[in-house]
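The block underneath contains the structure these notes are about, expressed in structure tokens.
Sequential numbering from 1 along the given sequence is applied to the chain's residues. Here the structure is a predicted model, which means the values were calculated and not measured.
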Amino acid sequence: MINKVTLIGNMGMDPEIRHLESGVMVGRFSLATNESYKDKEGNWQKLTEWHNVVVWREQAETVEKYYKKGNMVYVEGKISYRKYQDKDGVERYATDIVASTIRSLEKRESSAVGFSENRFPTEEKATAARQVSVSPPQNDQTAATQNNQPTTDMPTEGDNLPF
């Protein structure tokens, strides 16, 4: 059986970190995920879902140091349901996402160890990738390719490639 959740969203609050009596750290934060759809009239609507995320131990320490409200994060974990009594003795239920993996999707800061590099391509990178075309290796390649050295076989401006 599988209980697995993958979310990408923005943190709705700075993480709240607690230390249990055993010394174990636990952190909580809310995560907003957005979904867009067209309604009956053809107008775009935006639906925001809020998720309660729980992180433990080293993850809680990392989240406390490097993550803050508004950060876009990738969370992978499992759904957990719990029952508790509030201060008035009323029985309440909560649904949490217990994170097994959490990664920042913000741009990397040179001194921030806890951040992952932003994996989404920027428009600049996409434009540069479209402008570069690499031709396949030819049979008469020099010793440079045999030594795993990069070659500079780039098409010239006068070529008649359709792209």
Check your understanding: Quick one: are T101 and Y74 in side-chain contact, heavy atoms under 4.5 Å?
Key -> yes
Revision key, fill the gap. In short, salt bridge (Lys or Arg N to Asp or Glu O under 4.0 Å) pairs touching residues 8-22 with sequence neighbours left out are none
Using distance only, find each side-chain donor-acceptor pair of residues 84-91 under 3.5 Å and give its atom names and separation, not counting sequence neighbours.
unit_1	atom_1	unit_2	atom_2	d
D86	OD1	D88	N	3.0
D86	OD1	G89	N	3.1
D86	OD1	V90	N	2.8
D86	OD2	R92	NE	3.1
D86	OD2	R92	NH2	3.3
E91	OE1	Y93	OH	3.3

Review point. How about N43 and Q45: do any of their side-chain heavy atoms sit closer than 4.5 Å?
Key: yes
**Study point:** Check: N10 and L31 side chains under 4.5 Å, non-hydrogen atoms
**Key:** no
Review point. If you group Ile, Leu, Val, Met, Phe, Trp and Tyr whenever their side-chain heavy atoms sit less than 4.5 Å apart, what else falls in with I17?
Key: M25
**Study point:** salt bridge (Lys or Arg N to Asp or Glu O under 4.0 Å) partners of residues 69-79, not counting sequence neighbours, each pair once
**Key:** K4-E76
Point to revise | Hydrophobic cluster identity match, V53 and V5, side-chain contacts under 4.5 Å | key: yes
Review point. So, Y67 side chain and S104 main chain: donor-acceptor pair closer than 3.5 Å or not?
Key: yes
Revision key, fill the gap. Rounding to 0.5 Å, atoms CZ (F29) and CD1 (I102) come to a distance of 3.5 Å
**Study point:** Pair Y66-N71, side chain to side chain contact (heavy atoms under 4.5 Å, CB included): steps then yes or no
**Key:** CA-CA 10 Å; Y66 301 109; N71 284 158; over 6 Å; no
Practice item. Kindly determine whether L20 and V26 satisfy side chain to side chain contact (heavy atoms under 4.5 Å, CB included), including the steps that lead there. Key: CA-CA 7 Å; L20 303 179; V26 61; 4.1 Å; yes
Exercise for review: To the nearest 0.5 Å, tell me how far L105 CG sits from I8 CD1.
Suggested key: 5.5 Å
Review point. Does any pair with a residue in residues 39-58 pass salt bridge (Lys or Arg N to Asp or Glu O under 4.0 Å), and if so which ones, sequence neighbours excluded?
Key: none
Point to revise | Nearest atoms (heavy-atom pairs only) where W50 meets G12 | key: CZ3-CA, 3.6 Å
Exercise for review: Assess whether side chain to side chain contact (heavy atoms under 4.5 Å, CB included) is satisfied between M11 and V73, documenting all intermediate values.
Suggested key: CA-CA 7 Å; M11 294 178 66; V73 295; 4.1 Å; yes
Practice item. Identify the two heavy atoms, one from T33 and one from G9, that lie closest to each other, and give their separation to 0.1 Å. Key: CG2-CA, 4.3 Å
Practice item. Determine, using the 4.5 Å side-chain heavy-atom cutoff (strictly less than), whether V54 and V24 are members of one ILVMFWY cluster. Key: yes
Point to revise | Expected output: side-chain N52 to main-chain S30 donor-acceptor under 3.5 Å | key: no
Review point. Can you pull the salt bridge (Lys or Arg N to Asp or Glu O under 4.0 Å) pairs that have at least one residue in residues 24-37, sequence neighbours excluded?
Key: R28-D96
Practice item. Check A60 against G27 and note the closest heavy-atom contact, atom names and distance. Key: CB-N, 3.8 Å
Check your understanding: Nearest 0.5 Å, what's the CD1-NE2 distance between I79 and H51?
Key -> 9.5 Å
